Engineer: 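Structure incoming, see below.
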Amino acid sequence: MADRVTSLFRTVLHPVLSTLRLHAGRERLPVSLHHAVPAVQLSGVILARPTSASTCVAEAMYGGVYAFAGTSITALPDTVFSSASASASAAWKAELRRMDWLASFRASARPLHGLLALRLLAGWMKQPPPRQSRAGQIATLFNLAVDAPAIAAAQSPAAVALAAAAILRAQVPVLRMKPATPAEAFARAMALIAAHLSTRSSDTHRLRIITELAEALDALLHNDGSMRDGTIDDLVQLQGELATVMEGLERAEDIISPQLLSLRNRINAYLSMLSRTDGTLAFAEAAGLRSHVSLHALRESALAADAGHARLVGTQTLAFLALSSPRQSVPLRMEVTDAGRPLLWLEQVQGTGAMNGLSSTLICAAGGSLAEVQGPVGEGQRQHLAIFLSGDGSDLRVEDVSPGHAAVSYLLHVPEQTKLSTTHHGTAAMIVPASGAAWQLLVRAGSVELESGCLRIVAEAGNPNPLNFALKRVSRQDRPARPGKQRGRENAAPRLL
């Protein structure tokens, strides 16, 4: 308890004890033991975080609890990097030394949290350089360069000196590093540029590092702006880090290469294609994921052939497609919104299996947009999948030409309040949302049935024709009559074309 009181007392008195004016100059030097760092002028820019972190980690650490890698250790800020972590696991030490927690202290409005963060940095500075993985060293430098100056700027001049000294120390092993992969080269260049911007230290290699950043980013991306090895969520994280550094370069009036600008625009164009009307991104793993920068809303259909994603626009109807691409074969996934409201999600649950040599195309005309995927399936056979959305958005069609297509089936999901019903002996169905226009599903060479609140569309066994189904927006007067008033129309086949 006495140690905790002493620690809190030192933190509160930090502005008084941390600096001492030199005899003749205007600089200030630290005098307390936990700030034994050289006086360095921090004249760089404070880099912005793409998103604000939670303050929960800062609250817990202020209370003396350091929870990392599923383990909580109680310690004082002066000893957490030394004796307190001696018995901790390697994973716990790695998370502590990465300093991701600085973002939580930066997000906090409490001055004492900022003072505690500086004491933690001072404790880290007193220890010998820790053993870290290459990724850990890069992460430590990036987090220090982005967050430490922002925390120190609200404190004393010695705090500024401490932040600069910590950045310069973390920079040494990263400068010596020789990247083994494009991803590591990108992360290293990002961290080094962030360090340069935050300290404005003399760096003769800065222009070379900016060139390396552009080359590494180009190696990570496809021509359509998607990542070669990574998800949409990974790309959004990369976009946020890139935006942090490029904004800093612009504020520092540094030269930004045209190649880097072109790559940034390529990423933004791809994410714009996946942006829903509410700004969230389709096919992202994290629900509600958004781009870190404002994107221009696309008003026309678009295709990212390398990623296998397409956007079909028909007035107020918007369809997002996840298709097979040259690099991978995936079942069709599609989500459709009508006037900004979710209408349905369609997924192919059984198809022809893996395909190679696929190619996708998008044809746009006044009458609508047509996305096609085709490629060989086995010897002498081909797969052809076509999705069409009319220009006014009232007609959406899918045609699946698959060898042995009797095994093909699709599952159509709808929002919770939407009402579903089948008609015409299982060859048609009605989709009635809680708000907005109703839609009619019409199936040829197959059938549709209700299944656990969804509609399952199945190809007809033995039918040589391809599975073909359409979704048509219908007004209230165009809806089918109730069964008692249909007078024999129930037996008639639905009119699809």
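The chain is numbered in sequence order, starting from 1. Bear in mind that the values here come from a model prediction, so they are computed numbers and not experimental data.
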Engineer: With a 4.5 Å limit on heavy-atom distance, are the side chains of L411 and Q348 in contact?
Structural biologist: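 When only atoms from C-beta onward are counted, Q348 and L411 do not touch, as no gap falls below 4.5 Å.
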Engineer: Salt bridge check: are R264 and E250 linked by an N-O gap of less than 4.0 Å?
Structural biologist: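 Looking at E250 together with R264, the answer is yes, because their closest N to O distance falls below 4.0 Å.
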Engineer: Count the heavy atoms of every other residue, nucleotide or ligand shown that sit under 6.0 Å from CZ of R341, and state whether that count exceeds 12.
Structural biologist: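 Yes, CZ of R341 has more than 12 neighbouring heavy atoms, counting only those of other groups under 6.0 Å.
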Engineer: Could you check if a side-chain atom of S89 sits within less than 4.5 angstrom of a side-chain atom of W92, using non-hydrogen atoms only?
Structural biologist: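 A side-chain contact exists here, since the closest heavy-atom pair is under 4.5 Å.
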Engineer: Determine the minimum heavy-atom distance between I138 and A187, stating which atoms define it.
Structural biologist: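 Answer, listing the atom of I138 first, then A187: CG2-O, 3.4 Å.
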Engineer: Spell out, as yes or no, whether a donor-acceptor pair under 3.5 Å connects the side chain of R97 to the backbone of Q137.
Structural biologist: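 No; judged by distance alone, with no hydrogens or angles, the pair does not exist.
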Engineer: Ignoring hydrogens and geometry, is there a side-chain-to-backbone donor-acceptor pair from D234 to T231 under 3.5 Å?
Structural biologist: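 Checking the backbone N and O of T231 against the side chain of D234, a donor-acceptor pair under 3.5 Å is found.
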Engineer: Could you tell me which non-hydrogen atom of S257 sits nearest to which non-hydrogen atom of I210, and how far apart they are?
Structural biologist: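 Result for this residue pair: OG-CG2, 4.5 Å.
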Engineer: Report yes if the side chains of F142 and E241 come closer than 4.5 Å at any heavy-atom pair, otherwise no.
Structural biologist: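 Side chain of F142 against side chain of E241, heavy atoms only: contact under 4.5 Å found.
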Engineer: Set out, in order, the CA-CA distance, both residues' side-chain angles and the distance that settles side-chain contact (heavy atoms from CB on, under 4.5 Å) for W345 and V414, then state yes or no.
Structural biologist: CA-CA 6 Å; W345 298 267; V414 294; 5.6 Å; no
Engineer: Hey, is R208 close enough to E212 for a salt bridge, meaning N to O under 4.0 Å?
Structural biologist: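 Here R208 pairs with E212 in a salt bridge, since their nearest N and O are under 4.0 Å apart.
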Engineer: Within 45° of the ring axis of W124 and under 6.0 Å from its six-membered ring centre, is that where the NZ or CZ of R169 lies?
Structural biologist: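 Cation-pi check for R169 and W124: passes.
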Engineer: Check T244, V245, D254 against I193 for a side chain to side chain contact (heavy atoms under 4.5 Å, CB included) and give me the one that passes.
Structural biologist: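 Option passing the side chain to side chain contact (heavy atoms under 4.5 Å, CB included) with I193: V245.
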Engineer: Is a salt bridge present between D100 and R98, judged by a nitrogen-to-oxygen distance below 4.0 Å?
Structural biologist: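 Here D100 pairs with R98 in a salt bridge, since their nearest N and O are under 4.0 Å apart.
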Engineer: Show every donor-acceptor pair shorter than 3.5 Å between a side-chain atom in residues 296-310 and any protein atom, with sequence neighbours excluded, or say none if there are none.
Structural biologist:
residue : atom : partner : partner atom : Å
S301    : OG   : V313    : N            : 3.0
S301    : OG   : S369    : OG           : 2.7
H309    : ND1  : Y270    : OH           : 2.8

Engineer: Please confirm whether the backbone N or O of T55 pairs with a side-chain atom of S108, one donor and one acceptor, at under 3.5 Å?
Structural biologist: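 Such a contact is absent between S108 side chain and T55 backbone.
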Engineer: Could you tell me if N265 and S262 have a donor-acceptor pair between their side chains, going purely by distance under 3.5 Å?
Structural biologist: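 Per modelled atom types, S262 and N265 side chains form no pair under 3.5 Å.
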Engineer: Mind listing the closest non-hydrogen atom pair of P179 and E184 along with its distance?
Structural biologist: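 Looks like CA-OE1, 3.2 Å.
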Engineer: With heavy-atom distances below 4.5 Å as the criterion, would you say the side chains of R276 and E335 are in contact?
Structural biologist: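 With C-beta onward as the side chain, the pair touches.
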Engineer: Decide yes or no on side-chain contact (heavy atoms from CB on, under 4.5 Å) for F388 and L396, but give the supporting numbers first.
Structural biologist: CA-CA 6 Å; F388 171 81; L396 176 66; over 6 Å; no
Engineer: Verify side-chain contact (heavy atoms from CB on, under 4.5 Å) between R290 and L281, making sure each step is shown before the conclusion.
Structural biologist: CA-CA 6 Å; R290 297 172 181 267; L281 297 174; 5.7 Å; no
Engineer: From L318 CG over to D338 CG, what is the distance, rounded to the nearest 0.5 angstrom?
Structural biologist: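 If I round to the nearest 0.5 Å, the distance is 10.5 Å.
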Engineer: Determine yes or no for a side-chain-to-main-chain donor-acceptor pair under 3.5 angstrom, with T315 supplying the side chain and G391 the backbone.
Structural biologist: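 Checking the backbone N and O of G391 against the side chain of T315, a donor-acceptor pair under 3.5 Å is found.
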Engineer: Among all residues two or more places apart in sequence or in another chain, which pass the ring-ring contact (aromatic ring centres under 6.0 Å, His included) test with H113?
Structural biologist: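 So H113 forms a ring-ring contact (aromatic ring centres under 6.0 Å, His included) with Y62.
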Engineer: Going by atom types only, do H413 and E347 share a side-chain donor-acceptor pair under 3.5 Å?
Structural biologist: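 Looking only at side-chain atoms, E347 and H413 do form a donor-acceptor pair, the distance falling under 3.5 Å.
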Engineer: Is a side-chain N or O of T140 found less than 3.5 angstrom from the main chain of G136, in a donor-acceptor match?
Structural biologist: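 Yes: the side chain of T140 pairs with the backbone of G136.
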Engineer: Are the side chain of S390 and the backbone of G368 linked by a donor-acceptor contact shorter than 3.5 Å?
Structural biologist: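 Not a single qualifying donor-acceptor pair exists.
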Engineer: Please check this pair: side chain of T280 against backbone of G288, looking for a donor-acceptor N/O pair closer than 3.5 Å.
Structural biologist: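 Side chain of T280 to backbone of G288, a donor-acceptor pair under 3.5 Å: no, none is there.
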Engineer: OG1/T361 to CG/L370 distance, rounded to the nearest 0.5 angstrom?
Structural biologist: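 Reported value, rounded in 0.5 Å steps: 6.5 Å.
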Engineer: Distance from L412 atom CG to L344 atom CG, nearest 0.5 Å?
Structural biologist: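 Between L412 CG and L344 CG, I get 4.5 Å after rounding to 0.5 Å.
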Engineer: Enter the distance from E215:CD to L220:CG here, rounded to the nearest 0.5 Å.
Structural biologist: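 Output value for this atom pair is 12.0 Å.
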Engineer: Could you tell me if the side chain of I232 sits less than 4.5 Å from the side chain of L274, heavy atoms only?
Structural biologist: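 They are in contact (side-chain heavy atoms under 4.5 Å apart), so the answer is yes.
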Engineer: Is there a side-chain contact between L385 and E372 (heavy atoms, below 4.5 Å)?
Structural biologist: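 A side-chain contact is absent here, since even the closest heavy-atom pair is not under 4.5 Å.
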Engineer: Q171 and H196: side-chain contact (heavy atoms from CB on, under 4.5 Å), yes or no, with the steps?
Structural biologist: CA-CA 9 Å; Q171 188 179 22; H196 164 76; 5.6 Å; no
Engineer: Could D218 and R266 be called an ion pair, given the rule that one side-chain N must be under 4.0 Å from one carboxylate O?
Structural biologist: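 Looking at D218 and R266, the cut-off is met.
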Engineer: Would you say the side-chain atoms of R134 pair up with the backbone N or O of K178, donor to acceptor, closer than 3.5 Å?
Structural biologist: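 Present.
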Engineer: Check whether any side-chain heavy atom of L221 lies under 4.5 Å from a side-chain heavy atom of L217, and answer yes or no.
Structural biologist: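 L221 reaches L217 side chain to side chain.
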Engineer: If you round to the nearest 0.5 Å, how far is CG of L295 from CE of M273?
Structural biologist: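 It is 12.0 Å, given to the nearest 0.5 Å.
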Engineer: Please report the shortest heavy-atom distance between S275 and L271, naming the atom on each side.
Structural biologist: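 For S275 versus L271, the nearest heavy atoms are OG-O, 2.8 Å.
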Engineer: Should W101 and L96 count as side-chain neighbours, where that means a heavy-atom distance under 4.5 Å?
Structural biologist: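 W101 reaches L96 side chain to side chain.
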Engineer: Ignoring hydrogens, what is the shortest heavy-atom contact between L47 and A145? Give both atom names and the distance.
Structural biologist: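 Result for this residue pair: CD1-O, 4.2 Å.
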Engineer: Specify the closest pair of heavy atoms between R188 and M177, including all atoms of both residues, with the distance to one decimal.
Structural biologist: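 Nearest heavy atoms, R188 then M177: NE-O, 3.2 Å.
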Engineer: Check whether more than 12 heavy atoms from other residues, nucleotides or ligands sit under 6.0 Å from atom CG of D229, and answer yes or no.
Structural biologist: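 No, not enclosed.
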Engineer: Measure the spacing between CG of D392 and CD of Q316 and express it to the nearest 0.5 Å.
Structural biologist: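 One gets 9.5 Å once the value is rounded to the nearest 0.5 Å.
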Engineer: Return all side-chain donor-acceptor pairs below 3.5 angstrom for residues 66-73, not counting sequence neighbours, or 'none' if the list is empty.
Structural biologist:
none

